[in-house]
Protein chains: 2
Amino acid sequence: MARNVKNIKELAALIGISATTVSRVLNGKAELYRISPATSKKVLNAANEFSYYPDRIARGLRLKRTETLGLIIPDIANPFFASIAKTIEFETRRNGYSLILGDSLDDIQTETELLNLFAGRKVDGIILAPVGHSSAHIEEFQKRGIPVMVIDRYLPGTKIPFITTDNYAGAFEAVEYMISKGHRVIACIQGLKGISVNTDRVQGYRDALEKNNITVDNHMILGNDFGVENGYIQTQILMSREKMPTAILALSNLISIGVMRALSEKNLSIPDDVSIVSFDDQPYSAFLASPMTTVEQLKEEIARIAVNGLLAWIRTGKIDQQIDKMLKPKLIFRKSVKTINV
Amino acid sequence: MARNVKNIKELAALIGISATTVSRVLNGKAELYRISPATSKKVLNAANEFSYYPDRIARGLRLKRTETLGLIIPDIANPFFASIAKTIEFETRRNGYSLILGDSLDDIQTETELLNLFAGRKVDGIILAPVGHSSAHIEEFQKRGIPVMVIDRYLPGTKIPFITTDNYAGAFEAVEYMISKGHRVIACIQGLKGISVNTDRVQGYRDALEKNNITVDNHMILGNDFGVENGYIQTQILMSREKMPTAILALSNLISIGVMRALSEKNLSIPDDVSIVSFDDQPYSAFLASPMTTVEQLKEEIARIAVNGLLAWIRTGKIDQQIDKMLKPKLIFRKSVKTINV
DNA sequence: CTGTTAGCGCTTTCAC
DNA sequence: GTGAAAGCGCTAACAG
């Protein structure tokens, strides 16, 4: 095994040519500069033999481009985001880019900090599942010239491109389905208030009820977090009330786990005592005590469109505003909704 | 809002001092160089006012250190690894480092490619959940001077430090528990053959049987992947045999989902028809059709030790060989194992 | 207490 | 066809 070589100059010296030529060959510009095939071959062989990998940091400095994308996500442990991250990583690498990851913990300050950090690291673009309603920090960021593509959630009233699920339609359909099964008192345990995903789902919930002449009871909309704990606590609250819902719409897969925990502690069963529909289909959804009816989102699709849209934006320097997209979700029917007297 | 400033020189010019001084103040070396408080304050104010963030790429080139860690994981969509990744990201950032993520798809070639890529990007260290038995490519890598810390799996016969679960003990306990419940024909659906996690678990399974005077039937050890599909297929094979097992040890959470799918298709129920214990506890484990008895691993702990050990290694330049650790897992008893005639 | 200068490893302009 | 030299933005010697 030959020894390694530390930089392009050293490699060039070893072959007895200039660093310039080595650089040209290694960057596929041999043709362009009419470098002789013999020289080319020598360079390629040497690079291989001495396992030379160019220093991407130096390259990035010179080129003012790092071939790195930033990904900011509110909770990488949430399987919904983990799946999205997997596809994003794959697509990113397939295009010769690397991915730097940040978990914002659904906290706007951490998100801002990550944006600045990534800017300092000169990422070429960012994919962001934003925490908040406020978008000032993101727009300011765009102005610094770094493309930001928003996924999952979008920022109304801004020019920031996004790919998301048609959450309104998903919630609307889910609720209409529950109504068709005879439910009239349906609770909605929501995630973080004020972000589009949540707002749209709640609106879909409201409109489905109203369309079916059921008055919306604001006490039936509660919670403020996408996590397990919130699902647990809100269900306890719901179940201690005089007027208990016969069905619950859980606005995330984690929330529905919390719901299950609370119900099982009270020896209430799904769907006999309470029906439930949850957002985000998961591999385990079908194997729960009561196989869960879910609203499935096109995770891979969202990830792919986001990466490719962002890279196109980076390459051309301008954004295809047509990219804004809301992908239709799909209701997956299982057994967590009971038919009750109509 | 003041305009932004593009580099340290420009900022320095604006205040009317040299870039050196600005650099010193911004790096907290004002004291060291006895820079006057007045100048210091001016610098800090200006940096803030013009929202100047130093270019970490240029800094990295100069310092030969990027304050970036690489994380290579076989499947970020697997909630086990997603949880680990979350803690790793958090700890990494808390220490002022960034994290670049690679998903090896449990493929050794992709893993090697990622290692080289990360080397080119001059990461200061790497946390790796390795795919394979072979460790040559990793050792070669260490020689290039980049510290590699292995998690989850370890490489026997190498000097590469690792943090993992005591998988042998986990499997041993799980099987002894099933035996204590009267099971004698216990199958083991394994993950990727040849990697330590798998080897150790299988060995724990074998030894528990033998210790209880049950002859190990090699037909009862099958499979070769940690994913859902493998659990599904192997269960179908098991259930189509003359001699069916009364219990299954599933060597990952994904495998057990596959087992559940196959059983439910055959209208077999857990634990009435088949008992099961699965590795990796998950938030949903308690809410499955049959609440699942699982072997819980200390994910956060593994992640924390790995990051802090790696950073210490980077800072001091030498590795604390004491770091090699196998954390004891915990058996969580639920209802997926039936007591049968003994 | 502060500044000048050199150089990290790469790519590109300009020159031959 | 190839090379010398400049410079990306930063920090650390060295100098005062």
Side-chain angles (χ1 to χ4, degrees), chain A residues 4-44 46-47 50-68 119-124 144-145, chain B residues 4-44 46-47 50-68 119-124 144-145:
Chain A
N4 286 6
V5 108
K6 71 174 206 300
N7 61 32
I8 197 171
K9 232 169 150 180
E10 208 181 295
L11 184 67
L14 237 38
I15 327 181
I17 60 171
S18 78
T20 308
T21 303
V22 174
S23 168
R24 283 174 178 149
V25 173
L26 262 23
N27 286 301
K29 297 191 176 156
E31 296 265 296
L32 183 62
Y33 287 96
R34 304 129 141 294
I35 288 163
S36 75
T39 313
S40 265
K41 191 160 290 172
K42 258 195 293 184
V43 171
L44 263 8
F50 299 104
S51 44
Y52 166 71
Y53 291 90
D55 184 329
R56 321 262 304 193
I57 296 297
R59 191 160 191 273
L61 180 62
R62 176 67 230 235
L63 261 27
K64 297 183 147 305
R65 141 169 74 88
T66 54
E67 279 154 5
T68 301
R121 294 201 176 260
K122 296 282 175 291
V123 298
D124 295 341
R144 281 205 246 165
Chain B
N4 286 8
V5 108
K6 70 173 206 300
N7 62 31
I8 198 171
K9 233 169 151 182
E10 207 181 297
L11 185 66
L14 236 39
I15 328 181
I17 60 172
S18 78
T20 306
T21 304
V22 173
S23 168
R24 283 172 178 152
V25 172
L26 261 24
N27 286 302
K29 297 189 177 158
E31 297 266 296
L32 184 60
Y33 287 96
R34 304 128 144 295
I35 288 163
S36 77
T39 311
S40 266
K41 191 161 291 172
K42 259 195 292 185
V43 172
L44 264 8
F50 299 104
S51 43
Y52 166 71
Y53 291 89
D55 184 327
R56 320 262 303 193
I57 296 297
R59 191 161 191 273
L61 180 62
R62 177 66 231 235
L63 260 29
K64 298 183 148 305
R65 140 169 74 89
T66 54
E67 278 154 5
T68 300
R121 293 200 176 261
K122 296 282 176 290
V123 297
D124 296 340
R144 282 204 245 164

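Numbers restart at 1 for each chain; the letters A, B, ... are given by sequence-line order, proteins then strands. Just so you know, these numbers use all the heavy atoms, side chains as well, and skip hydrogens, waters and symmetry mates. Nothing here was measured: the structure is a model prediction, and the numbers come from that model.
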Rounded distance in Å - CD (B/E10) to P (D/dC8): 12 Å

Short side-chain N/O contact from A/K122 to OP1 or OP2 of D/dC8, under 4.0 Å: no

For atom CZ of A/R121 and atom P of D/dG9, their distance in whole Å: 18 Å

Heavy-atom closest pair, residues B/I8 and B/A19: CD1-O, 3.7 Å

d(CD1, A/I8; P, C/dC8) in whole Å: 14 Å

Below 4.0 Å: OP1/OP2 of C/dT2 and any side-chain N or O of B/T21: no

Nearest-0.5 Å distance, CG of residue B/L63 to CD1 of residue A/I57: 11.5 Å

Touch class at under 4.0 angstrom, heavy-atom based, for B/I17 against every strand present: sugar-phosphate

Working for side chain to side chain contact (heavy atoms under 4.5 Å, CB included), residues B/R59 and B/N27: CA-CA 11 Å; B/R59 191 161 191 273; B/N27 286 302; 3.1 Å; yes

side-chain N/O B/Y52 vs D/dC10 OP1/OP2, d < 4.0 Å: yes

Candidate pair B/V43 and B/I15, rule side chain to side chain contact (heavy atoms under 4.5 Å, CB included), full reasoning: CA-CA 7 Å; B/V43 172; B/I15 328 181; 4.2 Å; yes

Nearest heavy-atom neighbours spanning B/A58 and A/L61: CB-CD1, 3.6 Å

Bend angle of the helix from C/dC1-D/dG16 to C/dC16-D/dG1, from helix axes over five pairs at each end, nearest 10°: 40°

Side chain to side chain contact (heavy atoms under 4.5 Å, CB included) between B/T66 and B/R121, worked out: CA-CA 9 Å; B/T66 54; B/R121 293 200 176 261; over 6 Å; no

Residue A/D55, side-chain atoms from C-beta onward, closest of D/dT2, C/dG9, D/dG3: C/dG9

Residue from B/I35, B/L26, B/T21 passing side-chain contact (heavy atoms from CB on, under 4.5 Å) with B/S40: B/I35

Inter-residue atom distance B/D55.CG - A/K64.NZ, 0.5 Å rounding: 7.0 Å

Touch class at under 4.0 angstrom, heavy-atom based, for A/L61 against every strand present: base

Distance below 4.0 Å between B/K64 side-chain N/O and D/dT11 OP1 or OP2: no

Selection from D/dG3, C/dC10, C/dT4 that lies nearest to any side-chain heavy atom of A/P54: C/dC10

side-chain N/O B/N27 vs D/dT11 OP1/OP2, d < 4.0 Å: yes

Distance in angstrom units between B/K6 NZ and D/dG9 C1', rounded: 10 Å

Separation of D/dT11 C1' from B/R56 CZ (nearest whole Å): 14 Å

Length of the NZ-P vector between A/K9 and C/dC8, whole Å: 7 Å

Residue-phosphate contact under 4.0 Å: B/S36 side-chain N/O, C/dC1 OP1/OP2: no

Between B/R56 and B/T68: side-chain donor-acceptor atoms closer than 3.5 Å: no

Nearest-nucleotide comparison on DNA chain C, the residue closer to the 5′ end among B/T39 and B/R62: B/T39

Where A/F50 and A/L11 come nearest, the two heavy atoms and their spacing: CD1-CD1, 4.0 Å

Every protein N/O within reach of nucleotides 13-16 of chain C N/O, cut-off under 3.5 Å:
unit_1 : atom_1 : unit_2 : atom_2 : d
C/dT13 : O4     : A/R24  : NH2    : 3.2

Euclidean distance, atom CG of residue B/L63 to atom P of D/dT11 [Å, nearest integer]: 7 Å

Interatomic distance, B/I57 CD1 vs D/dG7 C1' [rounded to whole Å]: 17 Å

Proximal nucleotide (of C/dC10, C/dC1, C/dT12) relative to the A/K29 side chain: C/dT12

